Amino acid sequence: MQAFLEKLNPVQREAATIIDGPVMIVAGAGSGKTRVLTFRTAYIIAQGKRPESILALTFTNKAAQEMRARITELVGPESKSIWMGTFHSLFARILRFEAEHLGYERNFSIYDSDDSLQMIKSIMNSLNISMQQFPPQGIRSRISSAKNQMISAKALKSSALDPLIERTAAVFEEYERRLKLNNAMDFDDLLLKPLELFQKHKEILERYQWRFRYIMVDEYQDTNRVQYKLIKEIAALGRNICVVGDDAQSIYAFRGADIRNILDFERDYPDARVFRLEQNYRSTKMILAAADSVIKNNVDQIRKTLWTENTEGELITLTVCDDDREEGYKIVQKIEEETRRRKLDLKDFAVLYRTNAQSRSIEDALRRNSIPYIIVGGVAFYKRKEIKDVLAYLRVIANQKDAESILRIINYPARGIGEKTVEAVQAFAKAERLQLFDALTSEKLSSVLNERMANAVRGFGALLQKYIALKESVNVSELARALVDDLGILRQFKDENTIESLARRENVLELLSALTEFNDLHPDAGLDGFLEEVSLVSDVDQAEFGRNAVTIMTLHAAKGLEFPVVFIAGLEEGLFPLSNSLLERKELEEERRLFYVGITRAMNKLYLMYALSRYRFGEFSYSVKSRFLDEIDEPLLVTEGSSRFSALARSQAAPNSYAAPKPRVRQQKSVDDTAKYFADTMPDYENESQLGKRQNHRVGSRVVHDAFGKGKIVAIDGRGDNARATVEFDSVGRKNLMLKFANLKSA
């Protein structure tokens with residue numbers, strides 16, 4: 001037995017040393033799953049197994065880097081040979097070796113969601129599909145969803161029953177064609193294409209099955225069906241597969257994650273050994289009890305009982321605010337109190353919320369009180385315009401078939417090439433059956449453009465050719481610095497001399513620093529390697545958690561993190577849980593799991609907050625507290641009310657008397673009991689005719705709109721003239737409508 005295993009508790013140790021056959025480790029929040037994975041990997045190497053025979057799949061680069069560093073401390077530098085990283089990065093690596101078997105070149109470009117969206121907009125324009133009626137983002141999302149479910153464009157087209165799906169299928173078909181033409185793959189392809197490769201070429205699959213004898217998957221509850229099939233294919237020969245996860249933290253269904261993967265593991269592998277890590281090392285007993293009282297309301301789960309040897313801890317504070325503005329200032333007030341009382345740094349605090357829109361009032365309060373903060377999930381560094389512009393140059397230098405990147409930079413910096421010129425060049429390329437890149441330098445351009453425009457286009461092509469020739473003789477850092485200098489954008493930003501332009505200049509300089517750092521760490525890697533690395537960076541990977549600042553982020557972004565003090569803001573019906581999660585049990589259970597994740601980020605102190613009113617969709621509306629708050633055992637909570645809340649509580653008690661709290665009888669609420677949370681207890685109808693208009697408009701009602709056709713009401717916010725309905729229409733998707741003007745009729 002290796003000495004380092006003594007650092008594990010008995011269950012962790014057994015889970016780390018069973019390395020043959022299928023194993024599932026059900027790891028509760030804060031139970032040390034990363035530690036077990038790390039020690040298990042080190043143990044396999046210590047048993048004399050080859051590090052390169054280990055495939056360790058994680059969900060963030062940050063997690064992979066931390067695990068690799070710890071494994072190196074335990075068994076030395078040979079751990080560098082482990083195949084460890086995210087699904088997308090490791091399967092992209094396999095595709096770099098095998099792309100030619102699928103008709104791609106190894107230098108294929110990887111398109112992020114922004115690149116995909118731009119291409120979809122271009123396709124919609126060419127197909128004359130209205131972006132007002134059919135939002136491009138919605139079409140992109142549906143294409144991604146179809147890919148995750150392994151539905152082809154052809155299959156989607158044959159099953160289309162409404163105009164939205166028909167148009168999505170048409171865009172999907174052209175989107176796939178253009179990706180192949182551009183020698184490009186999107187994020188979904190990085191998983192779909194390896195599966196296609198393995199299904200078409202069994203000899204290649206067998207090669208990787210023999211190579212990867214030990215497979216470990218972190219956060220297994222977050223895998224989608226494509227990832228599930230990939231893992232199953234590779235593990236089929238040796239069956240030495242270990243999955244680690246927590247069904248109670250499955251919160252990514254909107255990205256295609258399928259909780260069935262972890263719930264059905266024992267069905268897939270009847271001989272699997274199952275270990276439950278139930279000792280929590282993170283939170284106080286109070287916080288853990290609150291999390292347990294919430295999650296036990298879910299039906300779909302693997303039963304486990306978390307416990308801890310940590311202190312009892314303080315009661316959870318439920319803070320009721322008048323509005324979202326007061327919510328922000330109460331967060332500031334509590335941060336100031338806690339820093340004094342507990343001697344904490346600002347980096348010890350996290351403010352979590354359900355939607356990005358909630359950050360505004362919180363940011364306002366932090367700024368006005370000069371409290372520094374960082375946002376996880378804001379505009380990511382590599383998605384800023386000036387960065388994407390420079391990266392587009394580098395992508396074309398690496399892959400000349402990348403027409404989307406060419407179109408992005410053909411007139412950046414401005415060189416007098418307008419839209420009509422670009423259209424003429426595209427038409428010329430199509431007529432001559434040329435790649436767009438080859439058309440840029442063609443002598444025949446003069447037949448479709450005047451000499452000045454033809455020279456401008458050829459000049460752009462010559463610039464690209466210069467650096468394509470140069471890339472083989474200089475490293476990526478030198479190449480990028482020469483290119484940026486040639487483009488003159490740093491000088492341009494400096495000459496503009498505005499706050500925004502100088503910030504953009506700093507960002508480009510930071511990109512050049514990143515290239516230098518990459519070159520130092522990977523001296524043998526080329527431009528393809530750098531572009532692949534930056535295209536796979538996530539928001540969490542880029543977050544500057546080392547700064548002494550309050551962290552604010554969505555609950556989804558918080559998964560895997562921990563903080564001494566945590567605030568969860570906006571615990572109101574229609575916000576958390578979101579309106580669209582109230583009708584289906586599975587969706588509601590996912591919202592509850594998200595709340596559970598938020599609670600279990602807290603180590604020492606947890607604040608839960610809701611506002612009696614807030615502005616949403618630009619309208620003022622009254623709020624009802626989240627049903628999830630009723631699921632927390634009452635003895636665990638201490639409530640602090642706003643002035644309005646306190647006045648309301650006093651008015652409900654008899655004069656000069658003390659109203660003792662009534663004991664609450666816990667009841668299992670019906671999942672379909674939504675009327676309680678959406679009923680308008682203070683109707684504000686001005687006359688009987690208005691009442692007549694509104695009376696049939698309930699959550700769940702089928703309605704007809706003059707322009708959008710038939711749909712179903714999924715949420716109602718506000719009252720009177722400000723009443724707003726969210727309707728899921730059969731043909732055009734979700735719309736937010738003012739009831740006063742919508743003229744909805746019962747279907």
Side-chain angles (χ1 to χ4, degrees), residues 28-31 246-249 251 276 278-321 334 352 354 555 558 562-573 575-577 581-582 585 588-610 623-641 645-646 649 652 658-671 673 676-677:
S31 62
D246 181 7
D247 58 291
Q249 297 185 69
I251 59 173
R276 286 175 170 79
E278 298 176 313
Q279 183 176 358
N280 177 283
Y281 293 93
R282 177 187 298 153
S283 306
T284 64
K285 288 184 172 71
M286 285 284 185
I287 292 169
L288 213 55
D292 183 63
S293 67
V294 168
I295 202 62
K296 69 184 181 185
N297 289 279
N298 272 9
V299 175
D300 291 336
Q301 62 173 298
I302 299 170
R303 297 289 170 182
K304 55 190 167 297
T305 304
L306 293 187
W307 60 278
T308 185
E309 293 179 346
N310 293 343
T311 61
E312 192 74 19
E314 296 182 11
L315 291 171
I316 292 153
T317 300
L318 173 60
T319 303
V320 187
C321 308
K334 295 299 180 185
L352 312 180
R354 180 64 182 84
L555 285 134
E562 60 182 34
F563 299 88
V565 181
V566 168
F567 298 84
I568 303 179
L571 278 157
E572 299 139 33
E573 286 297 314
L575 186 56
F576 193 19
S581 67
L582 297 176
R585 176 178 64 81
L588 181 61
E589 290 199 355
E590 173 137 340
E591 291 286 301
R592 186 177 285 114
R593 290 194 294 269
L594 187 57
F595 186 39
Y596 173 85
V597 166
I599 292 172
T600 54
R601 298 313 93 196
M603 299 165 68
N604 303 323
K605 178 64 181 179
L606 176 64
Y607 288 93
L608 305 176
M609 314 187 83
Y610 75 91
S623 309
V624 178
K625 75 173 181 177
S626 171
R627 63 182 65 192
F628 296 152
L629 293 173
D630 288 334
E631 295 175 352
I632 298 176
D633 291 332
E634 200 164 9
L636 302 173
L637 293 170
V638 58
T639 302
E640 298 178 349
F645 178 79
S646 301
Q652 292 172 344
Y658 170 72
K662 295 180 181 178
R664 187 170 68 191
V665 179
R666 287 185 65 83
Q667 296 179 346
Q668 183 66 38
K669 289 187 283 294
S670 165
V671 174
D673 184 20
K676 169 182 173 184
Y677 296 95

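Everything numeric here is computed off the predicted structure, so don't read it as measured data.
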* Asked: So do Met603 and Phe563 actually touch side chain to side chain, heavy atoms under 4.5 Å?
  -> no
* Basic-acidic side-chain contact under 4.0 Å: Glu314, Lys605 -> yes
* Do you know the tightest heavy-atom contact between Val566 and Leu352? -> CG1-CD1, 3.8 Å
* Structure fact -> NZ (Lys285) and CD (Glu309) are apart, to the nearest 0.5 Å, by 7.5 Å
* Structure fact -> Rounded to the nearest 0.5 Å, the CG atom of Leu555 sits from the CD1 atom of Ile251 at a distance of 7.5 Å
* Worked verdict on Gln279 versus Ser31 for side chain to side chain contact (heavy atoms under 4.5 Å, CB included) -> CA-CA 5 Å; Gln279 183 176 358; Ser31 62; 5.9 Å; no
* Look up atom CE in Met286 and atom CG in Asp633, then write down how far apart they are to the nearest 0.5 Å. => 11.0 Å
* Asked: Going by heavy atoms in the side chains, are Phe595 and Ile568 under 4.5 Å from each other?
  -> yes
* CG/Leu318 to CG/Leu571 distance, rounded to the nearest 0.5 angstrom? -> 8.0 Å
* To do: Please tell me if the side chains of Leu594 and Arg354 come closer than 4.5 Å, counting only heavy atoms from C-beta onward.
  => yes
* Smallest separation among heavy atoms of Gly570 and Phe576, with atom names -> O-CB, 3.7 Å
* Does Asp246 come within less than 4.0 Å of Arg593, counting only side-chain N to carboxylate O? -> no
* Which heavy atom in Glu589 sits nearest to a heavy atom in Val299, and how many Å separate them? -> OE2-N, 2.7 Å
* Structure fact -> Value for CD (Glu572) from CE (Met609), rounded to nearest 0.5 Å, stands at 10.5 Å
* Looking only at heavy atoms, what is the nearest atom pair of Arg282 and Asn280, with distance? -> N-OD1, 2.8 Å
* Is there side-chain contact between Thr600 and Ile287, with at least one heavy-atom pair below 4.5 Å? -> no
* To do: May I ask you to test the Pro577-Leu588 pair for a side-chain heavy-atom distance under 4.5 Å?
  => yes
* Hey, what do you get for CG (Asp247) to CG (Asp300), rounding to the nearest 0.5 Å? -> 9.0 Å
* If you look at every heavy atom in Ile302 and Arg276, which pair is closest and at what distance? -> CG2-NH2, 3.4 Å
